[in-house]
Amino acid sequence: MNLENAEKHWDLVVIGGGITGAGILREAVRMGLKTVLFEKNDFAWGTSSRSSKFIHGGLRYLAEGRIFLTYDSVRNRQRLLREAPGLVEPVDFLVPVYKHFGPGRWTLQAALSIYDLMAGEKHHSYYDLEQFSNLIPQVQHKKLTGGYLFMDAQTDDARLVMRLINEAKAAGGTAFNYTGVTQIHRNDEGAVTGVEVEDTETRQTQTLSASAVINATGAWAEELHPSPKKHLHLRPLRGSHLLFPENRLPIKKAVTLIHPDDKRPMFIFPWEGVLLLGTTDLDHSQSMSIEPVMTREEADYMMTALTAYFPHARIRLKDAIASIAGVRPVLSKGDRPPSKESREYAVWVDKGLITVTGGKLTTFRSLARDALSAAKPFLPEHQGFAEHEPAFRQLPKTTTPPRGLSAEVWRRLCGRYGEDAEKIVTRADPKDLRPIENTFTLWAELPRLAETEDIRNLSDLLLRRVRIGLLTPGGGRHLLDWVQALCEPVMGWDKQRWKKERSAYIAHWEYAHRVPG
Ligand SMILES: Cc1cc2nc3c(=O)[nH]c(=O)nc-3n(C[C@H](O)[C@H](O)[C@H](O)COP(=O)(O)OP(=O)(O)OC[C@H]3O[C@@H](n4cnc5c(N)ncnc54)[C@H](O)[C@@H]3O)c2cc1C
């Protein structure tokens with residue numbers, strides 16, 4: 001939709017197109033509110049495409065005594081596993097137990113039992129040295145005494161955001177990417193009356209009126225509204241990941257690593273056909289107005305843990321194919337080391353402007369519920385929060401996947417695209433119903449997303465709608481001829497524009513996703 005033709009009055013304006021904003025848009029539309037979302041970059045451009053992709057309670061938070069956060073996260077995980085098959089899937093974790101290093105057997109046993117109790121299901125088992133070594137022969141054996149296996153869940157974070165936005169739009173909501181909110185308008189009493197928005201490319205502006213505005217801009221939230229608590233402010237903490245080809249270390253489960261230098265938990269895990277190693281947790285001193293990037297120090301730090309746990313695999317930094325850096329929206333009193341900071345969220349209310357920040361990908365529904373409940377006094381009469389409705393529209397269970405697809409591929413497509421999965425498949429040329437090299441993404445996904453998901457540039461398509469720019473070496477530049485051939489007919493870019501887009505994409509990838517050093 002063009003900004004010029006947009007309605008001039010809204011019940012609710014949501015600022016920020018990450019998981020928090022997308023979750024709020026989805027629920028607000030379901031509650032019958034006329035709602036619009038504005039994202040100043042691309043949807044999921046911020047932290048919500050740069051996470052570790054776990055839908056999890058977080059054992060670390062339990063160990064820190066953050067019982068409610070863990071409980072809320074575990075309950076959200078259980079719901080998403082039921083409501084978003086193919087998008088949120090179980091993942092097995094292995095935790096090696098070493099003599100005199102890291103958490104011991106009984107500490108883990110206690111934590112995992114509480115974790116299971118919260119989920120209402122048993123998901124963990126202990127394995128002795130021999131059994132554990134069979135599960136993961138590559139791991140360091142010196143002083144290994146055994147280990148645990150437990151279950152959590154994993155997603156594609158950017159697709160989780162897009163599925164929420166797409167379902168909200170299908171139900172009557174509106175969302176604009178590349179449109180920033182530049183000002184919040186208030187009347188003489190200070191009550192919010194609307195917003196000023198600007199298309200970041202065309203510089204076209206619009207003044208819109210609104211009954212309430214929710215600021216869901218994550219790590220950027222204090223740019224629109226400073227914290228009302230003098231001693232509590234957003235502390236942007238950077239976390240980075242390295243991506244390796246799966247064949248470099250053939251592990252089928254996520255493995256918890258305790259960093260030998262500072263004893264922080266880290267993970268290496270299979271995701272979408274690659275291995276992700278992460279993450280770091282340090283103060284982000286780069287400017288918040290530019291895309292975050294990983295430093296060489298972070299890469300070296302992560303490689304130290306990887307080499308300590310998998311010394312015989314001889315993995316080097318030069319084996320990595322890409323890097324991702326993101327900034328956590330963490331609320332801080334400024335007196336703790338980064339990894340000890342709370343991942344809880346805050347809701348601030350200021351005369352019709354509700355700011356919601358902090359939290360996790362996993363708890364997006366809880367953030368949406370609390371933000372919408374804080375907005376209630378400013379909104380017109382509407383239905384209550386649909387606590388028991390599934391987050392996503394449930395699809396009819398078809399027994400036979402269409403067009404000879406395997407049950408696994410069809411489940412993945414339905415999880416990512418909901419009802420649109422069928423259109424992707426039925427319109428595809430049979431030769432495009434095969435995966436792009438070393439990934440699970442089908443070629444057929446590209447033209448449909450290029451046509452329907454508000455793509456402004458090639459990075460939107462290759463880094464967020466699908467992730468092949470991160471999953472294939474060099475950002476997938478060797479695939480660009482084929483990407484162009486498939487998407488050209490539906491995108492309306494002429495040859496000149498394609499040429500420009502391709503070089504801009506490569507330059508952007510080199511800046512933001514190449515492996516440092
Ligand atoms: C390394 C790392 C690993 C993580 N791993 C996990 C994990 O495994 N599981 C988990 O549950 N959580 C995880 N998290 C936390 C989780 O990713 C974040 O809590 C979540 O993504 C924050 O979402 P958000 O929507 O609040 O912010 P964002 O995703 O950052 O969205 C905010 C958006 O607001 C936009 N914006 C800013 N200003 C304006 C404006 N004026 N107008 C319009 N738009 C604006 C920005 O462009 C941005 O896209 C991780 C975080 C990091 C950094």
Side-chain angles (χ1 to χ4, degrees), residues 13-25 36-58 60-61 69 72-74 76-77 80 88 91 152-155 157-158 160-161 164 175-184 195-200 213-225 234 236-241 254 266-267 269 271 276 278-282 284 288-289 291-292 294 298 302 323-331 338 343-346 355-364 366-368 371 464:
V13 168
V14 180
I15 318 174
I19 191 73
T20 308
I24 294 167
L25 175 72
V36 60
L37 177 149
F38 294 105
E39 162 55 55
K40 81 168 170 192
N41 295 291
D42 185 27
F43 299 129
W45 175 90
T47 316
S48 300
S49 58
R50 300 157 194 272
S51 78
S52 299
K53 289 99 178 76
F54 294 129
I55 297 296
H56 66 161
R60 181 161 77 76
Y61 309 124
L69 174 68
D72 190 36
S73 305
V74 170
N76 273 298
R77 177 194 75 189
L80 286 167
V88 177
V91 59
D152 244 318
Q154 195 180 43
T155 190
D157 44 8
L160 188 64
V161 172
L164 287 166
F176 290 91
N177 56 353
Y178 292 100
T179 309
V181 170
T182 51
Q183 215 183 325
I184 312 278
V195 291
E196 194 73 19
V197 296
E198 181 185 56
D199 184 305
T200 55
V213 175
I214 298 185
N215 168 17
T217 54
W220 292 267
E222 283 199 79
E223 289 177 9
L224 287 171
H225 192 275
L234 277 167
L237 293 175
R238 188 170 67 248
S240 300
H241 291 88
M266 286 180 49
F267 306 103
F269 51 97
W271 180 72
L276 253 86
T279 167
T280 52
D281 199 354
L282 70 167
H284 179 64
M288 287 295 287
S289 59
E291 188 165 352
M294 176 198 271
E298 287 176 276
M302 290 195 277
S323 70
I324 314 175
V327 183
R328 298 178 180 86
V330 170
L331 286 156
R343 271 36 173 179
E344 274 152 84
Y345 58 91
T355 297
V356 55
T357 183
K360 296 162 62 182
L361 198 68
T362 309
T363 51
F364 72 87
S366 304
L367 270 77
R464 284 173 292 276

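Fair warning: this is a prediction, and the values are worked out from it, not measured in the lab. Numbering of ligands and ligand atoms starts at 1, following listing order.
- Atoms of ligand 1 found under 4.0 Å from any heavy atom of T279, numbered from 1 in the order shown, are 1 (C).
- For atom 48 (C) of ligand 1, the nearest non-hydrogen atom of the protein is E39 OE1, 3.4 Å.
- Among all non-hydrogen protein atoms, the one lying nearest atom 41 (N) of ligand 1 is V181 O, 3.1 Å.
- Taking CG of D199 as the start and CZ of F38 as the end, the distance is 10.5 Å to the nearest 0.5 Å.
- With values rounded to the nearest 0.5 angstrom, E196 atom CD is found 5.0 Å from T182 atom OG1.
- Here the protein heavy atom with the shortest distance to atom 21 (O) of ligand 1 is S48 OG, 2.9 Å.
- A heavy-atom distance below 4.5 Å is not found between the side chains of V91 and W271.
- Only the side chain of I15 comes within 4.0 Å of ligand 1, judged by heavy-atom distances.
- Within the 4.5 Å cutoff, the side chain of I55 has heavy atoms near those of the L160 side chain.
- For ligand 1, the polar-atom distance check finds no N/O of W220 at less than 3.5 Å from any of the ligand's N/O atoms.
- Not a single heavy atom of R238 sits less than 4.0 Å from an atom of ligand 1.
- Ring-plane geometry between F269 and F54 is classed as tilted, the angle between the planes lying from 30 to 60 degrees on a 0 to 90 degree scale.
- Rounding to the nearest 0.5 angstrom, the gap separating the OH atom in Y61 from the NE2 atom in H56 is 5.0 Å.
- Residue F38 approaches ligand 1 through these ligand atoms, each under 4.0 Å from one of its heavy atoms: 43 (C), 44 (N).
- Looking at residues two or more places apart in sequence or on another chain, you find no salt bridge (Lys or Arg N to Asp or Glu O under 4.0 Å) involving K360.
- Partner S51 forms a side-chain hydrogen bond (donor to acceptor under 3.5 Å, both in side chains) with one of T279, D157, T362 and no other, that one being D157.
- Each of the atoms 1 (C) of ligand 1 lies under 4.0 Å from some heavy atom of H241.
- The protein heavy-atom contact nearest to atom 19 (O) of ligand 1 is G359 O, 3.0 Å.
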Run the numbers on E298 and S240 for side-chain hydrogen bond (donor to acceptor under 3.5 Å, both in side chains), then give the verdict. CA-CA 7 Å; E298 287 176 276; S240 300; 2.7 Å; yes
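- Atoms of ligand 1 lying under 4.0 Å from at least one heavy atom of K53, given by number and element, are 8 (O).
- Here the protein heavy atom with the shortest distance to atom 52 (C) of ligand 1 is R328 CG, 3.6 Å.
- Applying the 4.0 Å criterion to heavy atoms of G326 picks out, from ligand 1, the atoms 53 (C).
- Atoms of ligand 1 found under 4.0 Å from any heavy atom of G239, numbered from 1 in the order shown, are 1 (C).
- Contact annotation for F54 and ligand 1: heavy atoms of both the backbone and the side chain come within less than 4.0 Å of the ligand.
- Looking only at protein heavy atoms, the nearest one to atom 28 (P) of ligand 1 is T47 N, 3.7 Å.
- Considering backbone and side-chain N/O atoms, L361 comes within less than 3.5 Å of an N/O atom of ligand 1.
- Residue A216 touches ligand 1 through its backbone alone, judged by heavy-atom distances below 4.0 Å.
- Side-chain contact between V356 and I24 is present, with heavy atoms from C-beta onward closer than 4.5 Å.
- Taking CD1 from I15 and CD from E223, the interatomic distance works out to 11.5 Å, rounded to the nearest 0.5 Å.
- Each of the following atoms of ligand 1 lies closer than 4.0 Å to a heavy atom of S52: 3 (C), 4 (C), 5 (N), 6 (C), 8 (O).
- Here the heavy atom of the protein found nearest to atom 44 (N) of ligand 1 is K40 N, 3.0 Å.
- For atom 17 (O) of ligand 1, the closest non-hydrogen atom on the protein side is S51 CB, 3.4 Å.
- A heavy-atom distance below 4.5 Å is not found between the side chains of V197 and F176.
- Numbered from 1 in the order shown, with element, the atoms of ligand 1 that lie under 4.0 Å from a heavy atom of G180 read 42 (N), 43 (C).
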